[in-house]
Amino acid sequence: MTRRYLVTAALPYANNKPHLGHVAGVYLPADIYVRFLRMTGNDVVFVCGSDDHGVPITISAEKEGCEPQEVVSRYRAAQEEGFTSLGIEFDIYSGTSTCPGHGDLSSEFFLTNLEKGNIEARDTMQFYCQACRRFLPDRYVEGICPLCQAPDARGDQCDSCGKGFEQTLLTEPRCVGCGETPETRNTRQWFFLLDRFEDALREWLESREGWRENVKNFALGLLREGLPPRSITRDLSWGVPVPLEEADGKVLYVWFDAPVGYISFTRELFEKRGDPEGWRPYWQDEETSLVHFLGKDNILFHAVIWPAMLLGRGDFNLPANIPANEFLNFKGEKFSKSKGHGVTAEEILALYSPDRVRYYLTAIAPENRDTSFTWEDFIARNNDDLSDVVGNLCHRVFVFTDRYFDSKVPAGGERSEHLARILEVIAGARDSWRTSLEACRIREAVGAVVSLAREGNRIFDAAQPWKSRKEDAEGCGTDIASLLELVRAVALLLTPFLPESGKLLRGAFPDGDGLKSDLDALGERTLAGGDPIAPPGIVFPRLELAED
RNA sequence: CGCGGGGUAGAGCAGUUGGCAGCUCGUCGGGCUCAUAACCCGGAGGUCGGGGGUUCGAGUCCCCCCCCCGCUACCA
């Protein structure tokens, strides 16, 4: 059964380049999932782009003496380049500051909710730095914790005692940017009254099935505690202006406009395709599944606030699934740009091919817990799994076919005692591969493919074709023909994870009927005696650890 | 402090509704010769973070504690 899907990957903030942690947790799983959906005949649109607004970008721009738009376009290009180089292919990679209609749609979200009474204005006291001439978001104010006197409290919370407090209670506040003492100013902001959606959100969340525990429990936990009103405007010039006369000089909080980008980018995509109304089914047809990939730090926004915004609108689908991943660390510590700790796509691709990177990041995907990237393990997993198990199986079968069967699928008998077993194993692998991918468990899914290859090696050894070719040439031929089926299955099932290698391996076989029907046919004999086999050579040579 | 996730052989991980603790790597021993120093078979190696409890039976359910990660108004 085929469906329509709208798949998103979290919008990267346009102030940094994605590192492998981002890739492993969000963009690669999303890309693999999309490739899987397409292989199995579904209609998918895959949307991403940069989150361009907010204070950090204005500060970067000031430091560099340029406009925010310049910072954004530079980072966005780097992001897109990084994703593309790893074979992560979005249908559109846009950005919230350049997408036509994004501001209008974000404003509509604001106004609709305002009209419905879901948003109200309140006066607040906030720090304002006269030297920097701007209001200071929490992370740009430091001072002494009013509760435990620790000297490094930030904004409205203290890392030492872990407690939160009213921002204006901070003792001896200073601006992180210039060190001056900020003043407190009264300013009006608009608040999203999330508590009005508590019942609807709870009902929706509880009815979701197949979600990850961390996402569902986290969101339900927040609902149990009650949702406080959330400020959704800021005193800032860089962003989507609040669409009210009395809100001059204020913009929507980035987290209010960013998720709207998922919709506005989809509209932009169809606009470009010359089908301006084509986006609607992807967002408004209830038969469409909306799937958001993101990291665990983002669950609050995607599982609670964004759905509340959508409920407030009432004319868009709610997410069908939110596969949130944990984090990938580098050698046990967080990836950190400022500390120079970690690896970028560019760095690793200078040494190894995209599929090797994709394989390792899939094999250690942080789906259930944080995992760790190390170079030694990168080499080990690639060699142990791809070279020794998958690559060697393919190669030994191809070489045997080439040498003793003239590179043709052996014709003849069906009396191999291994044939039935092989077909059964193939179908089983395909089924668990499908089940895992449907549940967005990519690590388990790729494991099923490697296991299939492992089983292929076992059967090869058990069949001993190097012996049987002398004693029972026909039986030997059937065994090899069956093993070729298995190799072909491995090639197909590997494709969403390793698009290039999958294609290379599939190229050894006569053209199939297309990925979907080829997949459906797995478990039956699909190769005919005499079909030519064109071995691709060694697809996964063993890797060596590059000098650091 | 609160909420969510995690803690299982040397390493990395599985363990569905409670029913003999599994897989991969590493290690030790054996086999094979089609193959990428590969492949296959077997052995050794676990007080399942700690402590209580429920049960005929707990990695699994309940309570308490310890450690790691995230959220708590701008890092996936």
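First the proteins, then the strands, lettered A, B, ... as listed; each starts at 1.
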Review point. Counting any heavy atom closer than 4.0 Å, what does A/G25 reach on the DNA or RNA strands: base, sugar-phosphate only, or nothing?
Key: nothing

Practice item. Write down the distance separating the C1' atoms in B/rG22 and B/rU16, rounded off to the nearest Å. Key: 14 Å

Exercise for review: Specify the separation, in whole Å, of atom CG of A/D370 and atom C1' of B/rC13.
Suggested key: 14 Å

Review point. Which nucleotide in the set B/rU24, B/rC75, B/rU36 lies at the smallest distance from any side-chain heavy atom of A/D385?
Key: B/rU24

Check your understanding: What is the nucleic acid contact for A/V399, judged by heavy atoms within less than 4.0 Å: base, sugar-phosphate only, or nothing?
Key -> sugar-phosphate

Check your understanding: In whole angstrom, what separates A/E367's CD from B/rG6's P?
Key -> 13 Å

Point to revise | Among B/rC40, B/rC74, B/rC71, the nucleotide that comes nearest once only the side chain of A/V55 is considered | key: B/rC74

Review point. Which whole number of Å gives the distance between the P atom of B/rU27 and that of B/rC20?
Key: 32 Å

Check your understanding: Looking across every strand, which nucleic acid part, if any, lies under 4.0 Å from A/R381 by heavy atom: base, sugar-phosphate, or nothing?
Key -> nothing

Practice item. Describe the nucleic acid contact of A/L294 in one word from base, sugar-phosphate, nothing, applying a heavy-atom distance below 4.0 Å. Key: sugar-phosphate

Review point. With a non-hydrogen cut-off below 4.0 angstrom, is A/F400 in contact with a base, only sugar-phosphate, or nothing?
Key: sugar-phosphate

Review point. After noting the C-alpha distance and the side-chain angles of A/E209 and A/K216, does the key distance pass the salt bridge (Lys or Arg N to Asp or Glu O under 4.0 Å) rule?
Key: CA-CA 9 Å; A/E209 285 176 11; A/K216 199 165 176 175; over 6 Å; no

Review point. Side-chain donor-acceptor pair under 3.5 Å between A/R542 and A/S387, yes or no?
Key: no

**Study point:** From B/rC32, B/rC13, B/rG4, nucleotide with atom closest to A/N214 side chain
**Key:** B/rG4

Study note, to complete from the structure: When both distances are under 3.5 Å in a Watson-Crick or G-U wobble arrangement, the nucleotide paired with B/rG2 is B/rC71

Revision key, fill the gap. Of the listed B/rU8, B/rC40, B/rG4, the closest approach to the A/R369 side chain comes from B/rU8

Point to revise | Heavy-atom check, side chain of A/V251 versus side chain of A/H53, under 4.5 Å | key: no

Practice item. Could you tell me whether A/Y27 contacts a base, only the sugar-phosphate backbone, or nothing, with contacts defined as non-hydrogen atoms closer than 4.0 Å? Key: nothing

Point to revise | A/E347 atom CD: more than 12 heavy-atom contacts under 6.0 Å | key: yes

Exercise for review: Output the single nucleotide from B/rG70, B/rC71, B/rU24 whose closest atom is nearest the side chain of A/L300.
Suggested key: B/rC71

Review point. Which part of the nucleic acid, if any, lies within contact of A/Y253, taking any heavy atom under 4.0 Å across all strands shown: a base, the sugar-phosphate backbone alone, or nothing?
Key: base

Revision key, fill the gap. Closest to the side chain of A/D388, out of B/rA35, B/rG5, B/rA38, is B/rA38

**Study point:** Proximal nucleotide (of B/rC25, B/rG5, B/rA76) relative to the A/D384 side chain
**Key:** B/rC25

**Study point:** Residue whose closest nucleotide on RNA chain B lies nearer the 5' end, A/D377 versus A/P465
**Key:** A/D377

Practice item. Please determine, for the side chain of A/W466, which listed nucleotide (B/rC69, B/rC74, B/rU33) has the closest atom? Key: B/rU33

Review point. Which whole number of Å gives the distance between the P atom of B/rU8 and that of B/rG46?
Key: 15 Å

Review point. Are A/D235 and A/Y128 close enough that a side-chain donor and a side-chain acceptor fall under 3.5 Å?
Key: no

Check your understanding: Does any donor-acceptor pair link the side chain of A/H22 with the base of B/rA76 at a separation under 3.5 Å?
Key -> yes

Check your understanding: Within the pair A/R403 and B/rC34, is there a side-chain N or O less than 4.0 Å away from OP1 or OP2?
Key -> no

Review point. Using a distance-only test with no angle check, is there a side-chain donor-acceptor pair under 3.5 angstrom linking A/Y253 and A/Q189?
Key: no

Check your understanding: Between A/N217 and B/rG5, does any side-chain N or O lie under 4.0 Å from OP1 or OP2?
Key -> yes

Exercise for review: Would you indicate what A/N368 reaches in the nucleic acid, counting non-hydrogen atoms under 4.0 angstrom: base, sugar-phosphate, or nothing?
Suggested key: sugar-phosphate

Review point. For A/E444, which contact category applies under a 4.0 Å heavy-atom criterion: base, sugar-phosphate, or nothing?
Key: nothing

Check your understanding: Taking atom P in both B/rA76 and B/rA35, what distance in whole Å separates the two?
Key -> 50 Å

Review point. With a 4.0 Å cut-off on heavy atoms, is A/N392 in touch with a base, just the backbone sugar-phosphate, or nothing at all?
Key: base

Practice item. Let me know, please, whether A/A453 or A/L11 comes out on the 5' side of the other along RNA chain B by nearest nucleotide. Key: A/A453

Check your understanding: Nearest to the side chain of A/F540, which nucleotide is it out of B/rU36, B/rC34, B/rC74?
Key -> B/rU36

Review point. Mind checking who B/rC39 pairs with, Watson-Crick or G-U wobble, both distances under 3.5 Å?
Key: B/rG31

Review point. Which part of the nucleic acid, if any, lies within contact of A/R458, taking any heavy atom under 4.0 Å across all strands shown: a base, the sugar-phosphate backbone alone, or nothing?
Key: sugar-phosphate

Practice item. For A/T371, answer base if it contacts any base atom (sugar-phosphate contacts may also be present), sugar-phosphate if it contacts only those atoms, and nothing otherwise; contact means non-hydrogen atoms under 4.0 Å. Key: sugar-phosphate

Review point. For atom C1', what is the distance between B/rC71 and B/rA11, given to the nearest Å?
Key: 30 Å

Review point. Expressed in angstrom and rounded to an integer, what is the separation of A/N329 atom CG from B/rC75 atom P?
Key: 17 Å

Review point. A/D461 has a side chain; which of B/rG31, B/rC75, B/rC69 sits nearest to it?
Key: B/rG31

Exercise for review: Pick base, sugar-phosphate or nothing for A/L393, based on heavy-atom distances below 4.0 Å to the nucleic acid.
Suggested key: nothing

Exercise for review: Please determine, by modelled atom types, if A/T96 and A/H102 share a side-chain donor-acceptor pair under 3.5 angstrom.
Suggested key: no

Study note, to complete from the structure: Given the options A/L290, A/N298, A/V215, A/I322 meets side chain to side chain contact (heavy atoms under 4.5 Å, CB included) only with A/V215

Review point. Base, sugar-phosphate alone, or nothing: which one does A/R443 contact when heavy atoms must sit under 4.0 Å apart?
Key: sugar-phosphate

Revision key, fill the gap. Atom NZ of A/K216 and atom P of B/rG5 are separated, to the nearest Å, by 12 Å

Exercise for review: Between B/rA21 and B/rG59, how far apart are the P atoms? Round to whole Å, please.
Suggested key: 8 Å

**Study point:** For the student: nearest non-hydrogen atoms of A/R188 and A/K250, plus distance
**Key:** O-NZ, 3.0 Å

Study note, to complete from the structure: Taking a pair to mean Watson-Crick or G-U wobble geometry with both distances below 3.5 Å, B/rG45 pairs with none

